[in-house]
Amino acid sequence: MDLAPVVAAVQAMRGVGFTVAGTVGAGVGDFRRFDTLGQLMAWLGLTPPEHSGGVSVRRGGIIRAESGLARRALTGGVRRDRMQARVSPKLFARIEALPQAVRDIA
């Protein structure tokens, strides 16, 4: 599987450079196996599990079962980029060649 398009698309997010995008791409593999973003986030361990029904709501803790390296890379990128939301010239150069649908999501 060619990871170059995946790495390019993941780099469109703020705070995500080549190393983080490569780590996430290699850790996740084929993103198409997840039907929703929530499933991907749960697989990465970024969202807690929930077992609710009727009036009861039971949420669990963060599960660190799957790709810990990809999760740490993503959260590290987010921590570094907590400043004002803007598209820097470096980010613009990275994303200008990507399809519009990818740019809209990022």
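The structure presented is a predicted model; accordingly, all values stated were derived computationally and were not measured. Residue numbers count from 1 along this sequence. For the numbers below, each heavy atom of this structure counts, side chains included, while hydrogens, waters and symmetry mates do not.
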Taken to the nearest 0.5 Å, the spacing of Arg33 CZ from Asp30 CG works out to 7.5 Å
Value for CG (Leu40) from CG (Asp35), rounded to nearest 0.5 Å, stands at 11.5 Å
Closest non-hydrogen atoms of Val7 and Ala21, given as atom of the first, atom of the second and distance, are O-CB, 3.5 Å
